[in-house]
Amino acid sequence: MSRPATKPQTVYDVWKPPEQRPLRQLPGLLASSLGLLWESARTEFVLVAILQVVSGAMGGVLLVLVKNLLDAIQASSASQDFGPVLGWLGVLGVLTLLTTFSGSMQWELQRILGEQVDRRAMLRIFEVAGVASLEAFETPDFHNRLERAWISSGSRPTQITQSLLSLMSSLAGVLGVVIALFAVLPVLVPLLLVGSVPVLLLTARGSKALYAFNFGLTPLDRRRMYISRVLTHREHAHEVIAFGLAGFLNARWRDLHDQRLAEMRTLVRQRMWLGALSSLGNTLLFVAPVALVSYLLVNGTMQLPQAVAAATGILLLRPTLQGVIWSATQLYECALFLEDYEQFVRMKDELVAEHGGGPAPASFSTLRLESVTFNYPGVEAPALRNVTLDIGAGQVVALVGENGSGKTTLAKLLCGLYAPLGGRVLWDQTDTAQVKPAALRKSVAVLFQDFCKYLLDVSENIGVGRHERLGDPDSIREAAEHAGAHAFIRDLPEGYRTLLGPEFEGGHNLSIGQWQRMALARAFLRDAPLVILDEPTAALDARAEHELFDSMRTLFAGRTVLLISHRFSSVRSADRIYVLHKGELVEQGTHEQLMQLNGQYADLFTLQAAAYQSNGVAAEAAERNGAVP
Ligand SMILES: Nc1ncnc2c1ncn2[C@@H]1O[C@H](COP(=O)(O)OP(=O)(O)O)[C@@H](O)[C@H]1O
Ligand SMILES: [Mg+2]
């Protein structure tokens, strides 16, 4: 379904299918990787770069030293003066020591460099996640991209640095040896350089195959990771143990992994062939120059010291040249992966750019949904169809309807979590499509049906309702009191400082009802003109539920409440009741009006009432508690 032009940009508009990634993009990616390095750890980067280049150039210096040493040995066998030989040996020793030491220093510096780059890359991913819409989080594409960015950000920025640095170092090495070799036997240089091109291309193909493998397998890997989460996380452990699911889930995980292994076998076969071919190239690259030197030596065109120097040169050049090939392909491979990361990070600018819009109204006298239609992405049937309703300031408005009728969806639209596909949400005259969604959300307090349990301490669990007031214990306590949570919080080992969640040291678990009261306390703390309570008492006991509904008008005095509930006893006192059915508004009015109408509301109400009245004693007791319609 195509979205109207007025709709704010979402991840669907930003998401573009992956293009073929030519080598052309390498310079840009390299530049942004260097930018990342520069931002994250410039001192370490510069130091490591210098050390790499110096140690790389050491190969050429060694070559010159070996030649001088040989010359000195030849001269000393005639003169019997071993002084110069010892001198050159001393220089060789000192240089070797310095090279080894700088090598180990590089490793340590790179450790910090890598850590800082990872940190920066992660923070950038969080920045994008921080502006992504709820719709984005409900799309596989977003998660595939996030996963790939995540994986690439873990190791690739460090790797691209390392390969860039080692490319610089190997190039310096090659340059040193090439200059020295050029003096000894010039023809070797073009032979070696031209010979390495096919080897380079073959290894690059291997990298591309690896990238394609990872790209293609992301959805499968995500499903497998989900199964491991179910198998290993506390939130699922009770059902997994109670239903004896470990074996079933293990088998499912193994199946998914078998598919990965099969794909990997194909990849490895392909890369083995490419590896065999490039080994052949590498061997030829080594054997051909040695054969040439041997021929020239036998031929008499070359003298022994010159031949020894040439052979040493070839020996030294081989690893450095292989180093160049290896680091160049690593660089290419990293670039392929990092492009995923870069694309993901770039999404932030595009998403934020479209997030413009005017300031949100601080309050309203009427909140109006006007012919609102909403479809979840990829779902044909609308979750809301042509819904028009009014909510007056200061009213308690109830929304009822069967499961799946669209109540929660409507609540999320009111919070600015989704934008309507058709119609408008108006705060008086202000169309919320013209308003910054984040600003609008500041004026809404919502208790979600599937509220979050933060494994933070109690006051933080409440304080996140308005995080600016995290440091205000009095407001937090007041919110807890309103939510009926203060009594049990007081009994916790460390009161408001008690950490929640038994998987952490000193953590304490709450009952689901107690958790729901924490979430309710967040809504109280938020202190917004519009309060949305989506099944706020689903986990509360009868007394708590009764107390909440009884005191709702006092507790939320001066605010507007949209109450979604299946408890008709609580709904009946609402100023206005809207009934949703399959995404459409089918009835509206007060309890009395709707009962007279004798439609769906009356049906549902009577059904619930009958359940209580079937047992006279229970009905009577419940009636006293106010829990009966
Ligand atoms: N994130 C989602 N993606 C796709 N469909 C959804 C999503 N959330 C809800 N739906 C569908 O939208 C319809 C309305 O759901 P919801 O608003 O949660 O109903 P209610 O709160 O009234 O039980 C249901 O058919 C449900 O399957
Ligand atoms: Mg719901």
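For ligands, and for the atoms within them, numbers begin at 1 and follow the listed sequence. We use all heavy atoms of the structure for the numbers below, so side chains are in, but hydrogens, waters and symmetry mates are not. Numbers here are sequence positions counted from 1.
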Nearest non-hydrogen contact to atom 22 (O) of ligand 1 from the set Glu135, Lys407, Lys582, His581 belongs to Lys407
Under 4.0 Å from atom 26 (C) of ligand 1, is there any protein heavy atom?
no
Got an N/O contact under 3.5 Å between Gln449 and ligand 1?
no
When only distance counts, is Asn403 in polar contact with ligand 1, meaning an N/O pair under 3.5 Å?
no
Looking at the Mg ion (ligand 2), is one of the N, O or S atoms of Gln449 less than 2.8 Å from it?
yes
Return yes when Gly401 approaches ligand 1 closer than 4.0 angstrom through a heavy atom, no otherwise.
no
When only distance counts, is Gly406 in polar contact with ligand 1, meaning an N/O pair under 3.5 Å?
yes
At what distance is the nearest protein heavy atom to atom 23 (O) of ligand 1, and which residue and atom is it?
Gly404 N, 2.7 Å
With a 6.0 Å cut-off on the ring centroids, do His591 and Tyr601 count as close?
yes
Atom 18 (O) of ligand 1: closest protein heavy atom, distance to 0.1 Å, is Thr408 CB, 3.6 Å
May I ask you to test the Arg553-Asp575 pair for a side-chain heavy-atom distance under 4.5 Å?
yes
Compare every heavy atom of Gly465 with every heavy atom of Arg526, then report the nearest pair and how far apart it is.
NH1-O, 2.7 Å
So Leu580 and Leu585, do their side chains get closer than 4.5 Å, heavy atoms only?
yes
Side chains of Asn144 and Arg222 only: does a donor on one sit below 3.5 Å from an acceptor on the other?
yes
May I ask you to decide if Val571's main-chain N or O and Ser565's side chain share a donor-acceptor pair within less than 3.5 Å?
no
At a threshold of 2.8 Å, where the distance has to be below it, does the Mg ion (ligand 2) have an N, O or S atom of Thr408 nearby?
yes
Could you check whether any side-chain heavy atom of Thr560 comes within less than 4.5 Å of a side-chain heavy atom of Val397, counting everything from C-beta outward?
no
Compute whether any side-chain donor of one residue and acceptor of the other, for Tyr211 and Glu339, lie under 3.5 angstrom apart.
no
Give the contacting part of Ala383 toward ligand 1: side chain, backbone, both or neither, where contact means a heavy-atom distance below 4.0 Å.
side chain
Indicate, as side chain, backbone, both or neither, the part of Glu138 found under 4.0 angstrom from ligand 1 when only non-hydrogen atoms are considered.
side chain
Taking the side chain as C-beta and beyond, is there a heavy-atom pair between Phe337 and Phe215 under 4.5 Å?
no
Atom indices of ligand 1 within 4.0 angstrom of Ser405 heavy atoms, with elements:
19 (O), 20 (P), 22 (O)
Atom 12 (O) of ligand 1 [closest protein heavy-atom partner, distance rounded to 0.1 Å]
Tyr376 CE1, 3.4 Å
For atom 17 (O) of ligand 1, the closest protein heavy atom turns out to be Thr409 OG1, 2.4 Å
Is a side-chain donor-acceptor pair under 3.5 Å present for Arg229 with His236?
no
